[in-house]
Amino acid sequence: MSVKRLFKIQTITFILSFLALCNFATAQGTIKGYIFDKVTRAPLIGAIVIVPGTQIGATADTSGYFIFTPTGKADSLQISFIGYNTITVKARPSLTIFLEPSANSLQAVVITALGNKTTLLRAPEPVTIVTHDMLVQQASSNVIDAIALQPGINQITTGPGISKPEINGLGFNRVLTLFDGERQEDFQWGDEHGILIDPYAVYNAEIIRGPASLQYGANAVAGVLSFKSEPLPQSGTIQGSVLTEYQTNNGMIGTSFDVAGNNNGFVWGIRASNEEAHCYSDPKDGYVWGTAYNQDNIRAVVGFEKSWGYSHLSFSTLHRQAEIADGNRDSATGKFEFDNPQSNGYGSPQYYSNSNAPSPALVGTLIPGTGQVFPTRANFFSYNPDISVYQVLDHDMVWWQNSINLNKGTIGADIGYTQSHRQEIDSGSIAAENMTVHDIPYSFKYQISGDSSGLKFTGGVNGIYEFENNAAEPPAPYIGDFEIPNYTDFDIGGYGILEKDYKNLTLSGGLRYDYRGIAGQSMYLSNINTPGQAVVPERTPGATQQFPGFDRSYTGLSGSIGGTYLLPEYNYVKLNIAKSYRAPSISELTSNELDPANIYRQGNPNLKAESGYEADVAYGNNGRDINFEVDGFANYIANFIFDNRISNYNGTGDSVHDNAPVYKYQAFDAIIGGVTAYFNIHPAGSKWFELDNGFTYTYSYFLHQGSSDSTLHVPWTPAPRLTSQVKFKLNDRHKSILRKTYFAFGLAKYWAQNDIYSALYNELPSVPYTLYNAGIGANFINRKTGGTICSFYVNCTNLTNLAYIDHTSRMQYFWEYNGTSQYSALPPANYGKGSAVVTIPSEGIYNMGRNIGFKLLFPIGGHKTSDTEMKGIE
């Protein structure tokens, strides 16, 4: 571990240790009571009681009893339990509560992602809740992979460790990702690295499936992923957990430890996690070279929960190192090989020269036996991603969140700082691309609600100040790779959201105005693309302009109006119409360099801001035994920006730069529409059985493209998908050592995707396939106390070990032969990189084969059973 990272960890630990010794508490009135099943009168062990809008509450014990001391405003209480209706009651010192069984308890959960606090049922815009049980009862490779099978959600992947989210067919800078309210702005304009969030730190999530520019600004055209950490414990409690995980396919080993406490309103918590994986395998190629990764994270929080509100100060330092596969293969066997031959037991690689070459054609080629060309089993099984092309990502943050109670309203004031350092290393240990992005996100808002009038209002200002710096040119023989210029970006937006609740009707609407000012510095290089390359002043003789200086400003209006109406017999309808706005990102404006996948991207400084106009309509039923919802959406986006492979001057093939195809950002008007749906059967009288089904269909096309099928459709539109899972749950027997035991079996069926942007092989059609999965899980119980000793989960994905390629996998387009390029007339001097065009999917890299995951979760102290996933979804 580096001295820098050790210092960060020691600093966080010192702050926590010091503050944990402090006691600034004042006790409030105690609330206690019992929670029972309304039908059977049995105690509901693990039922949750919280004060809405806080993370403080209690969990019912083996007799249904709970007790806690609120440290904030407690006019009402929300009581929830999986499989039962969530209710809100007036806070009193002593309560006896009866919950009614229901298949749709999530519909009454309070959500905040849309601005005003409202329930999932009454929210006019489609929102998905991902509970803690949904996350922990599966084997996933990263935080986006964990939610990617939810209706309307997909992922664009670069191997198992790198995923970017898609909502309704839109991704990258059109999806805003939050963690505990903080914006994740860690190079989100790029596609060769994932979201820098520790998956073990995520407890649950809210997903807005539709435009959310009104609340969040320019980067939420498609929607918002709002991840949340585990709620802080109730007063007088110290609790935590230890998690360990192993996955068979890529040997992924994961561990996570967390502990948190609450001393009469002084709250604190810390989590430490680590993941490491070697190369994954698929049924076609076996192990895939260049797919190992590791990640570690330290997170901490300290703060206060008082009658006046709360104040939380959070810290995080995350380090990630990941290889980037490029598909380099041997032309004779198709086996993966190194981009550059490695030293082996016979010494360093040697190359023929004019003096020793058997023939002139062999000059510059490898002398047989002098270097290792192919990865061995030991290379594939290595947990150190440092031979292939790899990247090192460091993401550090501090985030201060505050909420102050004012009569019936609250004032929120949040400000943070993040530093994201990115290095890409082609060979050795010196980074060719080396940049650091600094972000200062901020948010100030006022919320008020009238209990009797049903009127709610949220108004505020939020945005971000961002600046980026490239490191100096690396020493020879390394050559610097400058993808974007040094730049500054300032975003600010003001908004107001008004909501009115009637008996069976909820109406909501609002307006927002945004400003973005973005400026980039010019850059000039001498001896470009040679070991003598250097950054030089503008007027240096022979210098080449890498980036022109620029200064742009963009403004945009966002808004929405919508409503939900509750019909008889548990039916309901929803309608929402929204106007969204997105300014171009720095990469779309200025890119001018080769990326790790051997794609040369060029920016377009003349791009205009995107404007979206979307209508969402939904019909659903929230019945006792069956619930379903069908959501339809249509989204018109003016000036839709995407990177397009461009042809040469003759129009006969690719335009080529540095022996790689050139992609240039451009914009067309686009239509994206589709349907998402779910249909679930959870019989209230047969709690041992559950059947959940989800469906996602998205169709897209560009306007004004005439009859050309090859350029008609929007790139990265996902294939239609149906998911289904049946779960069988065993009854909990008195004094049994097992509780919450289940067996699950499911499938994900993907149809063919032939509606593609096929010009110059930008995209390839995908074939239909079906993946099967299975899982079991149980809690091991202490018979004397009724508490959970540990939770155990086993999950198998791709049960039949199917060889398949997901339509939104970038690695299907990665292909090189012997490091040579179809664009170069010269042989390589040292297996230099160059890409080839994948014209059929089998030439690229397949997705992961069968994978079995084993997971153990040990609670510590006052930690509650896994049913507590409802806690904290507010």
Side-chain angles (χ1 to χ4, degrees), residues 1-6 141-142 158-162 186-187 190 192-194 196 247 249-255 273-281 287-297 317-329 335-345 347-349 371-395 420-436 471 474-481 594-598 811 814 816 819 830-833 845:
M1 182 179 295
S2 68
V3 173
K4 179 182 176 183
R5 293 189 57 75
L6 183 61
S141 57
N142 57 70
T158 310
I162 302 175
D186 41 19
F187 311 105
E192 64 272 9
H193 58 85
L196 297 181
Q247 296 181 18
N249 186 286
N250 60 353
M252 198 280 280
I253 301 171
T255 55
S273 303
N274 174 264
E275 298 173 80
E276 52 185 22
H278 59 64
C279 296
Y280 80 87
S281 68
Y287 287 97
V288 177
W289 177 243
T291 57
Y293 66 91
N294 58 49
Q295 177 173 291
D296 60 78
N297 178 232
T317 178
L318 183 146
H319 172 81
R320 180 177 181 84
Q321 187 164 317
E323 292 175 340
I324 304 175
D326 57 17
N328 194 21
R329 300 175 184 265
K335 292 170 56 179
F336 291 111
E337 62 180 9
F338 295 122
D339 292 331
N340 300 287
Q342 303 294 304
S343 298
N344 59 12
S348 301
Q372 181 185 343
V373 175
F374 299 102
T376 64
R377 185 175 180 86
N379 296 129
F380 284 122
F381 279 30
S382 173
Y383 285 90
N384 297 316
D386 56 6
I387 296 180
S388 176
V389 179
Y390 66 97
Q391 57 184 333
V392 179
L393 302 165
D394 290 288
H395 182 65
S420 302
H421 184 203
R422 175 188 180 191
Q423 302 176 76
E424 289 185 358
I425 301 170
D426 290 332
S427 62
S429 59
I430 303 298
E433 185 171 307
N434 192 342
M435 63 176 69
T436 304
Y478 299 97
I479 302 172
D481 183 0
L594 196 68
D595 80 359
N598 271 8
M811 288 175 56
F814 295 178
E816 298 171 13
N830 62 343
Y831 280 66
K833 288 171 57 178
I845 301 175

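Residue indices begin at 1 and follow the sequence shown.
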Practice problem: Look only at the side chain of N142 and the backbone of P160, and say whether a donor-acceptor pair between them is shorter than 3.5 Å. | Solution: yes
Self-check item: Heavy-atom pair of closest approach, residues N250 and A277
Solution: ND2-CB, 3.5 Å
Self-check item: Pairwise side-chain contact, V288 with C279, heavy-atom cut-off 4.5 Å (strictly under)
Solution: no
Quiz prompt | Q321 side-chain N/O to P385 backbone N/O, donor-acceptor pair under 3.5 Å | solution = yes
Exercise. Report the distance from atom OG1 of T436 to atom CD of Q423, rounding to the nearest 0.5 Å.
Key: 8.0 Å
Quiz item: Within the distance-only criterion (no hydrogens, no angle test), does the side chain of Y293 pair as donor or acceptor with the backbone N or O of I162 below 3.5 angstrom?
Solution: no
Quiz item: With distance as the sole test, does H278 use its side chain to make a donor-acceptor pair with the main-chain N or O of Y383 at under 3.5 Å?
Solution: no
Exercise. Determine the minimum heavy-atom distance between A431 and I425, stating which atoms define it.
Key: CA-CG1, 3.7 Å
Quiz item: Between T317 and N297, which heavy-atom pair has the shortest distance, and what is it?
Solution: O-ND2, 3.0 Å
Exercise. Identify the residue among F336, Y280, F374, F381 that makes a ring pair (Phe, Tyr, Trp, His ring centres under 6.0 Å) with Y287.
Key: F381
Quiz item: Could you state the interatomic distance from CD (E433) to CD (Q391), rounded to the nearest 0.5 Å?
Solution: 9.0 Å
Quiz item: Is it true that the side chains of N379 and S382 contain a donor and an acceptor less than 3.5 Å apart?
Solution: no
Quiz item: Rounded to the nearest 0.5 Å, how far apart are OG1 of T158 and CE of M811?
Solution: 8.0 Å
Exercise. Nearest 0.5 Å please: distance from the CD atom of Q295 over to the CD atom of E276.
Key: 12.0 Å
Quiz prompt | Nearest non-hydrogen partners of A432 and D426, listed with the distance | solution = CB-OD2, 4.2 Å
Quiz item: Should the ring pair W289 and F338 be called parallel, tilted or perpendicular, given that the plane angle runs from 0 to 90° and is split at 30 and 60?
Solution: perpendicular
Exercise. Work out which heavy atom in E323 is nearest to a heavy atom in T291; give both atom names and the distance.
Key: OE1-N, 3.2 Å
Self-check item: Distance in Å, N434 CG paired with H421 NE2, rounded so as to fall on 0.5 Å steps
Solution: 3.5 Å
Practice problem: Kindly give the heavy-atom pair with the smallest separation between V392 and H319, and that separation in Å. | Solution: CG1-CE1, 3.5 Å
Quiz item: How many angstroms lie between atom CD of Q342 and atom CD of Q372, to the nearest 0.5 angstrom?
Solution: 7.0 Å
Quiz item: Short question: side chain of N384, backbone of D386 - any donor-acceptor pair under 3.5 Å?
Solution: no
